[in-house]
Each structure stands twice: as structure tokens, then as C-alpha cells.
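Below is one structure, written out as C-alpha cells; the observations come after it.
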Protein chains: 2
Amino acid sequence: MLKLTKKADYGLMALKYLAEHPDLAALSAKEVADAYGIPAQLLAKILQLLTKHGLLRSHAGMNGGYALARDARQISAYEVILAIDGPFFITSCIKGAKSCELTPSCTIKEPLARVNETIAGVLKSISIQDLAEHEHPAKRETDTQGLVALTL
Amino acid sequence: MLKLTKKADYGLMALKYLAEHPDLAALSAKEVADAYGIPAQLLAKILQLLTKHGLLRSHAGMNGGYALARDARQISAYEVILAIDGPFFITSCIKGAKSCELTPSCTIKEPLARVNETIAGVLKSISIQDLAEHEHPAKRETDTQGLVALTL
DNA sequence: TTAGTATAGGACCAAATATGTCGGGATTTC
DNA sequence: GAAATCCCGACATATTTGGTCCTATACTAA
């Protein structure tokens, strides 16, 4: 629970891979899949989804494949996850949804809605570029923590 | 994905309910289940889990039931979720885990580990007491909706 | 001491979701 | 036109979740 699906993982990995090879005009689904040992057909579909959502540009034919539709800095992890898994809510019954009709139950939702926003916020603040630059042993003490404290 | 299981939801609701009835020495699983329309036997097991993890105190026999083991302020949503669903990681391959052996794949993990910590942090900062005080009719107009609608 | 009310927990099933595969079609390049 | 590639719906499998059932045990009160 509270974890990304493999599809989302794969998608992020693929985008990261593309971001790391800006020189190449396009990479085929198969190339990326092989690079990571991901089932090719599955990755293909994921990349198709990302294309449909405007995060990638695709090109059929020989030497075809996928390329980032925008600069890696302009694509957030949030967008990727959203494109692949659809909108997510930490609780099933976020306000506005028609769940929770039977039960006047979910008095839980209100505070958790804010958790939801916080998570979305963090994910939005992470770009594909951030994923590609994985050599940053420093710089991680403070940042995120601040965020958290704030929103509550 | 990225959402709480129903069990965790139920658990939070139940604790909230207990927090709202500090007067009563104990509430049975059935009472709580009825209050929210939750399957009684399922909730029973959830409460058993919470008891095993020290968040509740249980008492068998007539007029038995469950009560918070500590002040509602001292029980975080994080603990509840952890007790019910076990440790969660946003990625399957958090550093330190032995996953990702086959694939040198998950270069993704490092940045997402921080997301994970952030989420944990937020959840730790929310207490059962916070859930119980649900009367905050103001301050909720915009938030969630904007998020979702926009990004899609 | 016994009947009734609870918790404790194992085994199991059903439903939902996630993961992965297959096969046919459409595009582009050579 | 052949090869490489994207596109996409249908299907099959695996895993997780949600929920039930049954039995045992503990406690209370009459």
C-alpha cells in the first residue's frame, strides 16, 4: 500500500533513461526495456500512455522510437504517475467523490485530503531531470522535512 | 495506487470513534462496526492487530471491548497504517532492501526515497486526535479539486 | 458454575487490481 | 515491398485485498 505500481516505476525509469541520452533522437521501447530488463511489450504500452498524455513524442518506422516531449526539467514525477496510473487519492472518499454515501463514515477524509495534497506537491517538485542526476550524496538533510511541517 | 487500504481506513475510523468517546471504558468491535457500517468481523481483526501493536487495549467478556492505549494525541496515523498494512515504501526497491538485485535498474529509488520519508513525516504528524476534531467547516473550499482537475 | 458476551486467530474464499502476453493493424524508412 | 517500429484491444495470469467462517479462549454476571 501507498506504493507506486511497477508500471509507474517503469515509466519513471524509462523517462530517466531518455533524459540521460539527450543525444539520441529517439529510443525504441525495446531498447529501453532491454536496458533495464523490463518486459518489452509492457513498457511499450506504458510509453504509449505517456505519449498520449503529451510527455513523450513518438515516431514509427526504422530508427523510430520515443523522445521526451519537453525538457526533462519540465516533466514532473507527478505527471508521469498521473498519466500511467490515473489520478490518485489517499482515501477512496475524497470530498467531491460520490463514495461514502452509505456511510456517513468517512469523517476521516478531511485531514487526509491534506496529506494527499502534500504528496502530490512533493511529486510535482521532482522532475525527471532530478531522477537522472542521481549522484547527489549531499543536499538532502533539510528540504523535504520543511515541507511537511508546513502543510499541517 | 498510492492510496490507503480499506483496512487502514477502517482502523483510522475506529480509532477516531474511540477518541470521540473517551467517557466509555471500552467499545466492542461490533459497536464500532455498526456505527460505521463496516463488516464486523473484519474490523475485529483490524482492532486485534492494533492491539497487538500496542495502540489499543482490549478486554474480553461482557462490557469488554477496546480502548485507546494512549492519549489520542499520542497516536499517529502513521503508526496505525504501519500496524495494519505493514511498512510501506513508495518504491519496491528502497535502498537497503535486497530487491533490485537482478536489475541495476532502479536508479530511481534514491530521489523517491525522499518522497517516502516526506509522506511518512506527514502521516506521523497527524494524530488520531486531529481526525476526531473534524469540525473545521471553513478552510476547505479550493484545495483538492484544483489539484486533480488541473493536472489532468 | 454456567450462560452469554467478548476477544484471538487460523483457514479459506471471492473480488479486485496489477502484471504480463498475444495478435492484428498502421506508419515510416530503406 | 520488407523491416522496424508504434498503436491498441483482448486476453491470461498473479498478487493483493476484502471479507467470511469456524473454533478456541477469556471474562462477567447472575
Side-chain angles (χ1 to χ4, degrees), chain A residues 1-11 13-14 18 24-34 36-53 55-67 69 81 84-89 91-92 99 102-103 105, chain B residues 1-11 13-14 18 24-34 36-67 69 81 83-89 91-92 99 103:
Chain A
M1 58 118 326
L2 266 191
K3 76 175 205 269
L4 295 179
T5 59
K6 272 190 194 171
K7 286 185 191 177
D9 260 346
Y10 293 163
M13 287 161 64
L18 290 174
L24 304 174
L27 282 165
S28 74
K30 184 165 187 322
E31 281 173 300
V32 180
D34 287 352
Y36 288 123
I38 298 173
Q41 307 205 65
L42 182 53
L43 183 63
K45 276 215 261 213
I46 294 169
L47 297 182
Q48 284 162 32
L49 264 178
L50 294 175
T51 303
K52 195 150 62 180
H53 281 78
L55 303 182
L56 291 178
R57 273 179 300 106
S58 66
H59 194 64
M62 279 185 77
N63 300 319
Y66 297 91
I81 295 170
I84 297 175
D85 290 333
F88 63 87
F89 302 104
T91 42
S92 18
S99 9
L102 304 172
T103 49
S105 328
Chain B
M1 59 115 331
L2 267 191
K3 76 176 204 267
L4 294 180
T5 59
K6 270 190 194 169
K7 286 185 190 175
D9 260 344
Y10 292 163
M13 287 160 66
L18 289 175
L24 304 174
L27 282 166
S28 73
K30 183 164 188 324
E31 282 173 300
V32 181
D34 287 352
Y36 288 124
I38 298 174
Q41 307 206 61
L42 182 54
L43 183 63
K45 278 217 259 216
I46 294 169
L47 297 183
Q48 283 163 32
L49 264 178
L50 294 174
T51 302
K52 196 150 61 176
H53 281 77
L55 304 182
L56 291 178
R57 271 178 301 104
S58 68
H59 194 64
M62 278 185 77
N63 301 319
Y66 298 90
I81 295 170
I84 296 174
D85 289 335
F88 63 80
F89 300 105
T91 41
S92 17
S99 9
T103 49

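All values derive from a computational prediction rather than experimental measurement. Below, chains carry the letters A, B, ... as their sequence lines are ordered, and counting in each starts from 1.
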Measure [atom1]/[X] against [atom2]/[N] and give the value in whole Å, please.
| X | N | atom1 | atom2 | answer |
| --- | --- | --- | --- | --- |
| B:Leu56 | C:dT7 | CG | C1' | 12 Å |
| B:Leu42 | C:dA15 | CG | P | 16 Å |
| B:Lys30 | C:dA6 | NZ | P | 8 Å |
| A:Ile38 | C:dA18 | CD1 | C1' | 15 Å |
| B:Lys3 | C:dA18 | NZ | C1' | 12 Å |
| B:Gln41 | D:dT23 | CD | P | 13 Å |
| A:Asp85 | C:dT17 | CG | P | 13 Å |
| A:Leu43 | C:dT19 | CG | C1' | 13 Å |

Looking only at heavy atoms, what is the nearest atom pair of [X] and [Y], with distance?
| X | Y | result |
| --- | --- | --- |
| A:Ala33 | A:Ala40 | CB-CA, 3.6 Å |
| A:Ala44 | A:Ala29 | CA-CB, 4.0 Å |
| B:Leu43 | B:Ala14 | CD1-CB, 4.0 Å |
| B:Tyr66 | B:Leu18 | O-CD2, 3.6 Å |

Expected list for residues 53-62 of chain B: side-chain donor-acceptor pairs under 3.5 angstrom, two or more places apart:
from	atom 1	to	atom 2	distance (Å)
B:His53	ND1	B:Leu49	O	3.0
B:Arg57	NH2	B:Leu68	O	3.4

Would one find a side-chain N or O of A:Tyr10 under 4.0 angstrom from OP1 or OP2 of C:dG20?
yes
Phosphate contact (D:dT5 OP1 or OP2) by A:Ser58 side-chain N/O below 4.0 Å
no
Quick one: which protein N/O atoms are closer than 3.5 Å to N/O atoms of nucleotides 24-30 of chain C? Pair and distance per line, please.
from	atom 1	to	atom 2	distance (Å)
C:dT28	O3'	A:His59	NE2	3.4
C:dT29	OP1	A:His59	NE2	3.2

Find out whether B:Met13 and B:Val32 are in side-chain contact, i.e. whether some heavy atom of one side chain is under 4.5 Å from a heavy atom of the other.
no
Contact class for A:Lys7 vs. all strands (heavy atom < 4.0 Å): base, sugar-phosphate, or nothing?
base
What distance separates [X] [atom1] from [Y] [atom2], expressed to the nearest 0.5 Å?
| X | Y | atom1 | atom2 | result |
| --- | --- | --- | --- | --- |
| A:Gln48 | A:Thr51 | CD | OG1 | 7.5 Å |
| A:Lys7 | A:Ile46 | NZ | CD1 | 6.5 Å |
| B:Leu47 | B:Leu42 | CG | CG | 9.5 Å |

5' precedence on DNA chain D between B:Ala40 and A:Glu31 (nearest-nucleotide basis):
A:Glu31
In residues 44-55 of chain B, which ones come under 4.0 Å of DNA chain C, going by heavy atoms?
B:Lys45, B:Gln48
